[in-house]
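Structure record follows, encoded as structure tokens.
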Protein chains: 2
Amino acid sequence: MTTQPTRTIVSRRARPAKDPLSRELIVATALELLQKEGSAGLSMRKIAKALDTGPSSLYVYVANMQELSSYVLDLGLAGIALPASDAGSWQTRLFDALSSYLLALYDAPGVAELALTTVSVGPHALAFTEYLLQCLHEGGVSSLSAAWGVDLLMLYATSVAFEQSSRDARGTTIQTHLAAMAALDPQQYPRIASSHADLISGSVDGMERFRWGLDVILQGIMKKEG
Amino acid sequence: MTTQPTRTIVSRRARPAKDPLSRELIVATALELLQKEGSAGLSMRKIAKALDTGPSSLYVYVANMQELSSYVLDLGLAGIALPASDAGSWQTRLFDALSSYLLALYDAPGVAELALTTVSVGPHALAFTEYLLQCLHEGGVSSLSAAWGVDLLMLYATSVAFEQSSRDARGTTIQTHLAAMAALDPQQYPRIASSHADLISGSVDGMERFRWGLDVILQGIMKKEG
DNA sequence: ACCTGAACACCGTTCAAGT
DNA sequence: ACCTGAACACCGTTCAAGT
């Protein structure tokens, strides 16, 4: 009648020694799914299945989907590389930090969408925000302008990443959009028509446009400060 | 055995002479639901129920949820008021048009979220884009810069509206966020701490911040053009 | 041509019950 | 304390069948 030692082993089935649940494990699994399947892969039920349990088990470690999303976003930002404080001018470091953020979002299609609709107060998001604020501070920007400016810079980088990732995910979203633009009556929408022509003819890549936007925002901030 | 004239009347139940389905009716009903219940109200099944039919009936007029969303977004932008071309300088008109856009998004909480993740090529979205491009054109901005600039301006206005509407919808999202910021260690995040202090102390309303962002973008564009 | 019922394959969240 | 089964109230989309 005593419990046999084999019993435990049998109950673990053919899995690689199932780890006990934890918030870290849940969040890491969620990010993996998000990277593999895009935003459609991020669901309580799919995470639970990947961890070989039921969805209700997750609620011990996570209050709801929104809270989980903010944790996943923060983990997705773990890959951001922040330049050392002596790695060039504050402008250069600001640009490099934002480029690294962009890369981190490119890496995981769904994360960009998450970043657009979720705020994280996790360690990686905070460190990134602190870094950008510090750069602007070094540039002599007041702390109120810096706060608003960092918001604007991050929003811009996030949306560039989202646009790119939604192009990849939904196939030819941008293609369809451009086709619709091309089909418009140039009499009715003359400015759209000519802008569209320029967008087509211009041989500009994504990075050039990204740099343009950051420049615009930065120059605008400095102008208002000076 | 002949069909009785009353039969038709009975089948219409206590409804006000049920309109035949059409894309316009579907989209209008969808927008109503979105305005009443927020983004949670926008679902095929809820729209169908509101129209007293089954969800499959909608697919005759609309390919899928994404297409429907883009139509709903465009209808949501119908309320934008574009200033007459003699209503002040191009900067003033640009600002007024964007303010009107902001108001239209405030009006319907869910529409802002839609605008953040959906592109519309409907008449209202096109007219708005054309108007903004025209303003920048009058300001002497090149058509490539104008195209990118309009994107940036609209993105900014949309995100301001989204931030506001998510505050309303999810109750105290921003409150929670600010509380988390206040609880941070000022040693570890000195710039976040001082920015946060300024954000609290400064008596700035939403409109002031909105204007600041538009100014930054516009000044930045002009600087790069000049 | 238009509409419907019924089904398929999903969701987030709760809660009583088990260990 | 942690985990689970089962249920509740939802999703988008398809498709054979009816009118």
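Here is the naming used below: chain letters follow the sequence lines, and residue numbers restart at 1 for every chain. Just so you know, these numbers come straight off a predicted model, no measurement behind them.
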### Query
Are side-chain N/O atoms of A:Y189 and B:T129 paired as donor and acceptor at under 3.5 Å?
no
### Message
Quick check on DNA chain D: between A:R45 and A:G54, whose nearest nucleotide comes earlier from the 5' end?
### Response
A:G54
### Between C1' of D:dT14 and CG of B:L58, the distance in whole Å
14 Å
### Task
Choose from D:dT13, D:dC11, C:dC3 the nucleotide whose nearest atom is closest to any side-chain atom of B:K46.
D:dC11
### Query
Quick one: A:L42 CG to C:dG12 C1', roughly how many Å, whole number?
12 Å
### Query
Would you say a side-chain N or O of B:Y59 is under 4.0 Å from OP1 or OP2 of D:dC15?
no
### Task
Determine, for B:K46 against B:E32, whether the closest basic-nitrogen to carboxylate-oxygen distance falls under 4.0 angstrom.
no
### Pairwise 5' ranking along DNA chain C for A:A63 and A:A40, keeping only the more 5' one
A:A40
### Task
For A:I217 and B:V216, work out which heavy atoms get closest and say how close.
O-CG1, 3.5 Å
### Query
Using the P atom in both, what is the distance from C:dA9 to D:dA9, to the nearest Å?
23 Å
### Message
Please report the distance, rounded to the nearest Å, between CD in B:E67 and C1' in D:dG12.
### Response
14 Å
### Query
Can you check whether A:S99 reaches A:F210 side chain to side chain, under 4.5 Å on heavy atoms?
yes
### Among C:dG12, D:dC3, D:dT13, the nucleotide that comes nearest once only the side chain of B:M44 is considered
D:dT13
### Query
Heavy atoms under 4.0 Å, any strand shown: does B:S57 hit a base, just sugar-phosphate, or nothing?
base
### Query
Expressed in angstrom and rounded to an integer, what is the separation of A:Y61 atom OH from C:dT13 atom C1'?
18 Å
### Message
Less than 4.0 angstrom between a side-chain N/O of A:S56 and OP1 or OP2 of D:dT4, yes or no?
### Response
no
### Task
Give a yes/no answer on whether the side chain of A:S43 brings an N or O atom under 4.0 Å of OP1 or OP2 in C:dC11.
yes
## Note on the structure
Checking N1-N3 plus N6-O4 or O6-N4 for Watson-Crick, or N1-O2 and O6-N3 for wobble, each under 3.5 Å, the partner of C:dT4 is D:dA16
### Task
Return the nearest nucleotide to the side chain of A:T53; candidates are C:dT13, D:dT14, D:dT4.
D:dT4
### Summary
Rounded to whole Å, the CE-C1' distance (A:M65 to D:dC10) equals 16 Å
### Query
In whole angstrom, what separates A:L51's CG from D:dC2's P?
16 Å
### Separation of atom NZ in A:K49 from atom P in D:dG5, rounded to whole Å
13 Å
### Query
Rounding to a whole Å, what distance do you find between B:L21:CG and C:dC3:C1'?
8 Å
### Query
Between A:T158 and A:Y101, is any side-chain donor less than 3.5 angstrom from a side-chain acceptor?
yes
